[in-house]
Every structure is written in C-alpha cells, then in structure tokens.
Amino acid sequence: MNDRAETLEFQAEARQLLQLMVHSIYSNKDVFLRELISNASDALDKLRLAALRDKDLTADTDDLHVTIEVDRDARTLTVRDNGIGMTRDEVVSVIGTIAKSGTAELLRQLREAKDAGASQELIGQFGVGFYAAFMVADRVELTTRRAGESGGTHWASSGEGTYTIAALDEAPQGTAVTLHLKPADTEDNLHDYTAEWTIREIVKRYSDFIAHPIRMTVERSAADDAEATTETVTLNSMKALWARPRGEVEPAEYHEFYKHVGRDWADPLETIHMRGEGTFEYEALLFIPSHAPLDLFSPQGRRGVQLYVKRVFIMDDCDALMPNYLRFVKGVVDAHDLSLNISREILQQDRQIRAVRRRLVKKVLATVKDLKTGQPERYRTFWTEFGAAVKEGLLEDTDNRDVLLEILSVASTHDPAELTDLAGYVGRMKDGQTDIYYATGEHRATIENSPHLEAFRAKGYEVLLLTDPVDEVWVEQVGSYDGRTLRSIAKGEVDLDTEQERAEAEAERERQRGEYADLLTWMGGVLADSVREVRLSSRLTTSPACVVGDAHDLTPTLEKMYRAMGQELPKVKRILEINPGHPLVAGLRKAYEQGGADGSLAETAELLYGTALLAEGGDLADPSRFARILADRLARTL
Ligand code: ADP
Ligand code: MG
C-alpha cells in the first residue's frame, strides 16, 4: 500500500484548528470518544437509510454496531463501525478540510482571545468533531470503505501540516479510526484511555442513548489462577431518550444527547420534551442551544431537527418540521405513522406533519415566553443569541405574530443598558402620545446622536433604537402594536405637540415660512441633484439640518442592504429640513438676502447638507469635495 501513498496538505484553517487540538486548549479530553462514536453512529444511520433507498446496494445491514478495540501494549484505541464509510474523495474533502462556515471567524476570535478560558469556551461552542482525536493521540489512522465499493482508503496523520492517503485493495465495510494515544497522565489514571473502566465510564456518560450497540471485548480474570477469558459486552443501554417518560430522564442525559444531535460541546439552554397522541403519534425532544452557531446567518448553515420513524433515523435537517426563523432549534421528532421512504417533498405537503410543526413552533415560542417572564437572565441569553433570527418570524409566520411581538426585545432611549419589550414601551408612553416611535440605523450610537431624535428627546418621548437589518422590514410589515402605529422618526412630518402648542407653532412656522420662502427655493435649486425639497423643520432643536424621507421611502439602511444584495434601485432623493432656530441657518438667510446668491453661499448650502448626512451616519456623494470646502472655510477663520 505504501508505494501508492500520497502526502497531502491540510487546508489552512484545518491546519490551524488541528494545532489547537494537538496542543489541547480544551481541558475535557474525554469528549474525543463521544465525537468518534457520534460519527460512527451517524455512519450506521446513513447506511441503513441508503440500503433502504437502494435495494441493489451491496452492504450488510443485519448487525449495525460500533466496536471499541484496545491494545494496551501498543497504546492504541480503535473505534470501528460497519456503516456507510467514505470514498477517497470524501476523506480528502471532509477530513482534510473544514467546510463549516464561520471557521475563519472562529480562528480570528481565538487569536484575539486573551486567556485560556476564553479559548476553551470558543472551541467548546464550535465543536471540532473528528479532530478532537488529536487531543489524546499523537497519530491517528483511519481505514474506510464506502458501502458498495470494493476497495478502501487508508488515511493517517500526526496532526501537523500534512496527512497521507493511500488506496487499499480491500477493507472491512465501514470505518475504523485508530488512535495512537499520547502517554497517559501520570498523576491520575483517570485519562488512561486503554483502561476498560475509563472507557465504560465515558461511553455511559456521553453515549448511552446511541441507538446502535457499542461493543467492547474485555478480559474476565477467572477466580484462581485459571486462564483469563474474554467476553464481548455492550456498553450502552441504547434507549431512545425521547421515548422514555419525561420524569425519568436526568438533565445530564438530555444534555449529552443534545451534544450529539446538536454537534455542540456546550449544554443547551432549554430542553423541550413532548409527545403527541391521538391519530398521529409522535415524540419530540427539542433543544434551544445556549449560543448561536457561527453560521446562523449563512444560507449553507447546518440546521436543526432530525426526523425518525419508530426509532429509525430518516433525515437530518428536516425543514418541514421547523420554520427557518427557528433554524437554531435542534433535536429529534419521532413520528410513528410515516413511511420509512418518505421524501422531503412529500413531508412538506403532509397535513399531519404540518400540524406537528404548528405544535412544535407554538411550544418553542411558549417556552421562550416563559423564560421571559420567569427567568430573565436566561431569556436575555436567548435573545442576545437568537433575537435577530427570531425577528424574521415576524415576516415569515403571521400566525404567531402576536406571541412573537410579546417575546421581542429591542434597545430604546429609555435605558442605555437594558432592552425593552413593546409592552414596556407602551406602559411608559406620555400623555397625549399616540404612536410608538422608532429609529433605525447601523449602530445605536449613531442613531442616538442623530438630529432626528432631538425633538423627541426634548419632549421626553421614548424612541426604540433598531439596528438589525431585519428590523426595518418587520416594523414596516407589522405596522402597529396594541393598536398603536409604529412610526419612524426619520420619515414623514413629525408632530409632537398638543392642540394649543400646535396652533402657536403653526403661526410661528407660517411667519418663518414667509421669511424663508426665497432661501428655501434657492437652496432647493442648488441641491437639486441631491434632494427633492428643502423645507423648515419642526423636529430639530439643536442641529442646523437633517435629511428625512417620505413615509413610504426606503430608508438609507435598507437602500444599502438592497444594493449590497445586488439589486438595482433608482436613487432615492430625500428631503432636507433646516432649523430656523440655528444661527447657521439664520445667518445663511441673512447673507442670502443681503448679498444674493454667490458661489460661496452655494458652498455653504452644500456643507449644510453634507453635515446633515454625516450626522445620521450616512455617506457623502463626494467626500473629497466636502473636505476641501470645509478646509477652505476653516482656514479663513484663523
Ligand atoms: P460532523 O460530525 O459535525 O459532520 P466531524 O468532524 O465529526 O463533523 O466529521 C466530519 C465528517 O467526516 C462527517 O460529517 C462525515 O462525513 C465524515 N465522517 C467522520 N467519521 C465518519 C465515520 N465513522 N464514517 C463515515 N463518515 C465519517
Ligand atoms: Mg461528528
């Protein structure tokens, strides 16, 4: 075989992750075994399924199992399965590279992590699967044969930059992973992975629920000095957790199961165990993770719920059972009355499955709602991790809109540190306030300093500060909460006054309109390429100017988002509002009336417009021109 061996390099990210494993930044090394068994179990499920779908597949599925083999003298540990196996190309692509999106981001965060604890946490959230073997082994070998193929593949690596790969004329069905273990810790024998009881303990703790037998051949020393004999024992109980009565399952058991289905190394935030009876029986065991995966917003991200039929694994990522906005929910649904051959397409159409999905969604949302009322800390974790995804539900899932609006939290001017819910906002509304006001933008700080907020601040009105891209869309579509309109502070005319104040203000504005009419018309002409109108503002108290949209205009953030998505959009011209109470605006009018409109005055108008854009965090069309005019002006003041 060696003359056919090839040496290949790991992909750069894989190499870096492996280095972290070789130097073991993760302290609980025992989990390597859970990862290998988890992969073996997946491979057995896949083979059973493949055989079911393809009657011609030459594979033996009578006794699907995992075996653990130990050689104490050679210090090797082998995890073997007779499952689906891998082709050579699969070995190269899934073992030699890390396709998981977010890997680059994780590595960046790891480089920046200050201490070992933070690094552990990050790796723990990421989960490294197969590579965990390198925490305990200084060399790993893998022999595999894909079901249906005659030859196999041998792979070996010591976790440095390269691995070798070679073709084998023959190999047993499935995959065997052999670890050449590092020397055992001398102080404690706890981590001697060649010791029978260590292996028994680890399997019991982490892999008891695995649906296939995990076997090991052990020595039984006979009483007196007779020959030692061997026997093969099954280490796991194989009980499907979801089929057991709720009260009988320990939290730790739920958690280990979650780590297998969720491919996570951290405990889940919430566990939901439910059962549907009647015409369509099913059991569901769902988990809300305690942190978002790095690929939550990537379309290739791995998602959620597995479908079983009567304990038999049918498919991963069963999107018919969980809507996209709850894609982070992990777990298993075991439906008793489905065909083992059911396809994704048929599932999507199935009336019963749709009913199950409705119940699951309601249950997940109810769980979050309970967290919100009963366990604010946990709710906060939930919302920080998944809030941005859950908000997509306000668009996708109109049936559950009310409860989604109840569990929603957003930033607000009310409290710089805490989020608020909509009910809280409504409870704090001022006398005479009829609408719910919100502002959108990329960062809280820019919105808070934007001129649009001035009149609201002066009035003591609370404003919701929305910074997720999806926010702009849902506020538009939802439109109102509790009978109150959701209104953008940057759109349309604002009118925050009482009846009498309004009359007075109107009279004052009428007077100012007369005074400013000529200036406004002139400025409208000067800035015609950029804005569609220049008018006096009733929303500004301290800034000279701001740019606003009509009630139906796209906001700048949305415009940016659509353009980033590659959509062609006509340029949206907005409205420049100027503040007659500001000395710059008053001075501009005076200069205009005295000297008429020269070039320098036109530049002042441009500067005024430019600063209004900058104040809302917007982009200037021609920043260098703006900078030059400004520098000239400043020079003249010295
Ligand atoms: P994950 O299990 O999350 O996909 P792993 O790093 O644990 O990530 O495994 C990577 C991939 O390697 C698996 O998705 C699978 O395709 C393949 N693999 C690992 N172990 C086995 C095995 N025992 N049999 C077949 N394929 C395997
Ligand atoms: Mg795995």
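Just so you know, ligand 1 is whichever comes first in the structure, and atom 1 is the first atom listed for that ligand. Predicted model, so just to flag it, every value in this text is computed and none were measured.
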Atom 10 (C) of ligand 1: closest protein heavy atom, distance to 0.1 Å, is Val94 O, 4.3 Å

How far apart are the C-alpha atoms of Glu121 and Trp265, what are their side-chain angles, what is the distance that settles it, and do they pass the side-chain hydrogen bond (donor to acceptor under 3.5 Å, both in side chains) test?
-> CA-CA 9 Å; Glu121 171 112 336; Trp265 289 22; over 6 Å; no

Any non-hydrogen protein atom below 4.0 Å of atom 4 (O) of ligand 1?
-> yes

Aromatic contact, Tyr206 with His260 (centres under 6.0 Å) = no

Ligand 1 N/O within reach of Asp42 N/O, cut-off under 3.5 Å = no

With only distance considered, is Gly129 within less than 3.5 Å of ligand 1 through an N or O on each side?
-> no

Stepwise, does the side-chain hydrogen bond (donor to acceptor under 3.5 Å, both in side chains) test hold for Asn82 with Gln173?
-> CA-CA 5 Å; Asn82 55 351; Gln173 171 179 319; 5.4 Å; no

Protein heavy atom at shortest distance from atom 6 (O) of ligand 1 | Phe130 N, 2.9 Å

Non-hydrogen atoms of Glu35 versus ligand 1: any pair closer than 4.0 Å?
-> no

Atom 23 (N) of ligand 1: nearest protein contact (heavy atom, Å) | Asp81 OD2, 2.9 Å

Less than 6.0 Å separating the ring centroids of Phe280 and His336?
-> no

Do Asp334 and Tyr282 have a side chain donor and acceptor closer than 3.5 Å?
-> no

Any protein heavy atom nearer than 4.0 Å to atom 27 (C) of ligand 1 | yes

protein heavy-atom neighbour closest to atom 9 (O) of ligand 1 works out as Asn39 ND2, 3.6 Å

Taking both backbone and side chain into account, is any N, O or S atom of Ser38 nearer than 2.8 Å to the Mg ion (ligand 2)?
-> no

Looking only at protein heavy atoms, which one is nearest to atom 18 (N) of ligand 1, and how far off is it?
-> Met86 CE, 3.8 Å

Of Tyr258, Tyr379, Phe382, which is the lone residue that meets side chain to side chain contact (heavy atoms under 4.5 Å, CB included) with Leu269?
-> Phe382

Cation-pi check, Arg327 onto Phe297 ring (under 6.0 Å, within 45° of axis) = yes

The closest protein heavy-atom partner of atom 14 (O) of ligand 1 is Arg302 NH2, 4.3 Å

From the options His255, His291, Lys330, select the one residue that forms a side chain to side chain donor-acceptor pair (under 3.5 Å) with Asp264.
-> His291

Note: Tyr193 and Val70 closest approach over all heavy atoms is O-CG2, 4.4 Å

So for Val177 against ligand 1, with non-hydrogen atoms under 4.0 Å, the contacting part is neither

May I ask you to identify the nearest protein heavy atom to atom 1 (P) of ligand 1, giving residue, atom name and distance to one decimal place in Å?
-> Arg263 NE, 3.3 Å

heavy-atom search around atom 25 (C) of ligand 1 in the protein gives Ala43 CB, 3.7 Å

Is there a donor in the side chain of Thr87 and an acceptor in the side chain of Asp89, or the other way round, less than 3.5 Å apart?
-> no

